Amino acid sequence: MNFKIYNTLTKEKELFQPLDDQSIKMYVCGPTVYSYAHIGNARPAVIFDTLYRLLKNIYPEVIYVRNITDVDDKINEAAKKLNKPISYITEKYTDIYHEDMRSLSVLSPNHEPRVTDNIAQIISMIQRILDNKKAYINDNHILFDITSFDQYGKLSNRDMDEMLSGARVEVAEYKKTPGDFVLWKPSNDDEPGWDSPWGFGRPGWHIECSSMVETYLGKEIDIHGGGQDLIFPHHENEIAQSCSAHNSKRYAKYWMHNGYLNMEGEKMSKSLGNIITVKELLEKYDGEVIRLALLSTHYRKPINFGESLLEQSKNILNKLYKNLNNQSYEDVVSKDVINPLLDDLNTPLAISSLLKIKCSKTLIKSANLLGLLNRTQEEWLSSNNKSTMSENDIELLIQERDRARKSKDFAKADEIRDQLDQNNVILEDIDGKTIWRVKK
RNA sequence: GGCUGAGUGGCAGAGUGGUUAUGCUGCGGUCUGCAAAACCGUUUACGCCGGUUCAAUUCCGACCUCAGCCUCCA
């Protein structure tokens with residue numbers, strides 16, 4: 001099995017050679033639960049879910065960990081605004097995230113750790129980094145000393161000195177080097193916090209992932225994934241922390257990053273007001289349509305999300321479900337689908353292959369690998385049944401139209417068809433019989 | 001300013017040193033009372049300029065445009 005992955009660390013497409021081919025270990029940065037997940041959050045979830053499905057198809061065991069970040073200043077703000085406890089916010093949005101992911105056919109990872117359940121492990125890791133003299137204490141903050149880590153900047157291909165000359169942000173006074181980052185910071189009484197050897201406080205942003213990888217997967221893992229925006233500083237810092245705590249050279253063997261998502265050609269941002277949540281999209285489109293839309297661009301490229309992409313995806317899915325009507329016995333994944341996936345997860349090419357598969361069972365099995373065609377043809381056709389008319393009324397009108405057609409009163413027959421059309425019902429005359437379906 | 005990525009036909013989107021991607025849409029046709037569905041056909045594609053080559057959209061170099069990152073946004 002030749003599985004190739006583009007590795008951000010080496011900037012090359014490499015042959016995937018697992019640390020242990022009996023058990024693959026992958027970690028993906030999960031959501032910060034302070035608001036509804038938007039479509040940009042859904043992209044990595046769907047992409048790495050597809051990777052997870054592919055790996056499970058190849059290897060005997062895959063351990064997939066995706067965390068939930070439930071300690072964050074944005075959460076604190078959201079809680080303060082509503083005058084509710086922080087747990088109210090994190091629990092609410094964790095539940096919504098899970099619902100959204102289910103709708104997009106995203107499988108649950110094997111572990112989904114929360115920061116609040118792993119504080120002891122985080123403290124232990126920070127202590128080890130301090131013991132190894134890779135961090136220092138200043139003004140009640142524990143800061144990682146980036147000058148102590150010679151690989152710093154390798155993942156993001158950055159030279160710290162060059163970056164600093166162009167820096168546009170004020171540097172906190174307690175930092176020795178402007179690039180140093182917080183491992184632990186003090187909390188006020190109204191902020192979430194835990195007792196630690198360094199006083200009441202909370203972990204910095206990056207340490208949680210390092211700690212959870214260590215706890216649930218070990219010191220070194222095969223694949224670490226996330227959005228491109230996390231390359232710097234988040235992933236760069238994770239490498240520095242983990243290697244410094246472990247006295248090791250390597251943390252993740254392969255780094256995979258998905259491209260950005262734009263809305264109708266524009267960056268999705270609060271200021272432009274074009275952020276669209278998964279929940280909003282699900283009101284208008286089936287989760288499978290959204291999933292297909294997200295997979296229709298290669299994961300490393302920017303995706304231009306919008307109405308036309310969704311409509312196109314809907315058409316493709318209709319076509320695929322329509323193709324599920326022959327009886328067949330071949331029950332294997334199509335080579336034309338799995339081979340593109342094995343080549344750095346080329347989902348667009350795999351999808352185009354799906355459209356050529358004639359054998360239903362092969363089609364289902366192949367599409368399932370992408371998390372698609374999860375329902376039967378009947379279930380699909382009857383979903384999104386948005387006609388305002390009852391089935392009985394529709395049947396009666398069809399009978400009336402039949403009578404009109406038999407008596408060659410085509411004007412009346414067409415009038416009835418138009419009437420049904422306005423109620424989203426489309427008629428098809430096949431072999432002397434009239435069948436109807438709801439517009440999708 | 002530094003870094004990273006992208007630029008393919010009406011749209012979406014693969015791929016390739018010389019031969020059809022694929023899908024959607026549009027147009028034409030077969031079929032139909034008319035439609036729908038199905039099937040068939042179909043329109044100049046590869047940002048710009050050089051270079052390498054018998055041949056470049058594909059390799060190399062410069063340039064242009066767009067997007068993003070540069071301390072907590074997937």
Side-chain angles (χ1 to χ4, degrees), chain A residues 8 11 28-32 34 37-48 69 72-74 146 153 156-172 175 178-182 185 204-206 225-234 236-237 257-262 265-270 275 292-293 296-298 300-306 308-320 322 336 340 343 346-356 404-406 408-411 413-414 417-418 421 426-430 434-437 439:
Chain A
T8 311
K11 284 137 195 94
V28 172
C29 294
T32 300
Y34 71 102
H38 59 67
I39 186 65
N41 297 312
R43 169 125 113 136
V46 167
I47 285 165
F48 290 108
T69 298
D72 186 280
D73 287 352
K74 286 193 291 290
I146 61 165
S156 55
N157 201 19
R158 278 158 211 259
D159 182 299
M160 274 298 124
D161 294 336
E162 278 178 5
M163 272 184 53
L164 296 176
S165 59
R168 292 170 180 170
V169 181
E170 267 183 62
V171 180
K175 293 186 180 181
D180 291 349
F181 55 92
V182 171
K185 57 185 165 188
W205 175 37
H206 315 290
Q228 264 172 13
D229 54 327
L230 292 178
I231 296 174
F232 189 88
H234 186 55
E236 196 72 73
N237 291 354
H257 293 96
N258 62 273
Y260 296 95
L261 181 143
N262 294 318
E266 280 184 314
K267 186 200 175 180
M268 191 166 62
S269 75
K270 269 182 195 158
I275 288 183
L292 180 62
S296 66
T297 300
H298 183 89
R300 282 194 281 121
K301 283 199 174 185
I303 186 170
N304 190 13
F305 208 81
S308 64
L309 176 62
L310 287 160
E311 288 299 326
Q312 194 172 303
S313 303
K314 192 163 76 176
N315 285 334
I316 290 171
L317 216 44
N318 276 334
K319 194 155 188 170
L320 288 175
K322 208 170 261 176
D336 292 336
D343 183 14
N346 190 340
T347 52
L349 192 57
I351 290 166
S352 74
S353 297
L354 287 179
L355 287 152
K356 292 183 201 155
R405 290 175 73 206
K406 277 186 185 129
K408 307 271 185 209
D409 185 357
F410 295 121
D414 289 349
R417 189 173 59 208
D418 287 347
D421 186 76
I426 294 171
L427 298 184
E428 290 180 23
D429 300 324
I430 296 169
T434 301
I435 63 161
W436 64 274
R437 65 189 165 85
K439 255 189 225 170

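Quick caveat: nothing in here was measured; it's all calculated off a predicted structure. To find a chain, count down the sequence lines: A is the first, B the second, and so on, and within it residues start at 1.
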Quiz item: For every nucleotide of nucleotides 12-17 of chain B, 5' to 3': is a protein heavy atom under 4.0 Å from its base (B), only from its sugar-phosphate (S), or from neither (-)?
Solution: BSSS--
Practice problem: Give the B/S/- string for nucleotides 30-36 of chain B, one per nucleotide from 5' to 3', where a protein heavy atom under 4.0 Å of the base yields B, of only the sugar-phosphate yields S, and otherwise -. | Solution: ---BBBB
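With a cut-off of 3.5 Å on both pairing distances, C48(B) has no Watson-Crick or G-U wobble partner at all. Look at G23(B): its Watson-Crick or wobble partner, with both distances under 3.5 angstrom, is C11(B).
S313(A) comes within 4.0 angstrom of nothing in the nucleic acid, heavy atoms only. Among the heavy atoms of the strands lying under 4.0 Å from L261(A) is at least one base atom, whether or not backbone atoms are also near. Looking at heavy-atom distances under 4.0 Å, K11(A) makes no contact with the nucleic acid at all. No contact: K408(A) has no heavy atom under 4.0 Å from any strand.
Side-chain atoms of D343(A) and L349(A), non-hydrogen and from C-beta on, never get closer than 4.5 Å to each other. Inter-residue side-chain proximity for K319(A) and I316(A) is flagged as unmet; no heavy-atom pair is nearer than 4.5 Å.
Within 6.0 Å of NZ in K11(A) there are more than 12 heavy atoms belonging to other residues, nucleotides or ligands.
Nucleotides G23(B) and U42(B) place their P atoms 13 Å apart, quoted to the nearest Å. Only the P atoms considered, C72(B) is 37 Å distant from C59(B), to the nearest whole Å. On the P atoms, C39(B) is 12 Å away from U25(B), given to the nearest whole Å.
Ionic pairing of K185(A) and D73(A) is present here: one or more N-O contacts between side-chain nitrogen and carboxylate oxygen are shorter than 4.0 angstrom.
Between L317(A) atom CG and C24(B) atom P the separation is 13 Å, expressed in whole Å.
To the nearest 0.5 angstrom, F305(A) atom CZ is 4.0 Å from L310(A) atom CG.
Applying the side-chain contact (heavy atoms from CB on, under 4.5 Å) criterion to N315(A), with sequence neighbours excluded, gives no partner residue.
Comparing H206(A) and N157(A) by the nucleotide of RNA chain B whose heavy atom lies nearest to each, the residue mapping closer to the 5' end is N157(A).
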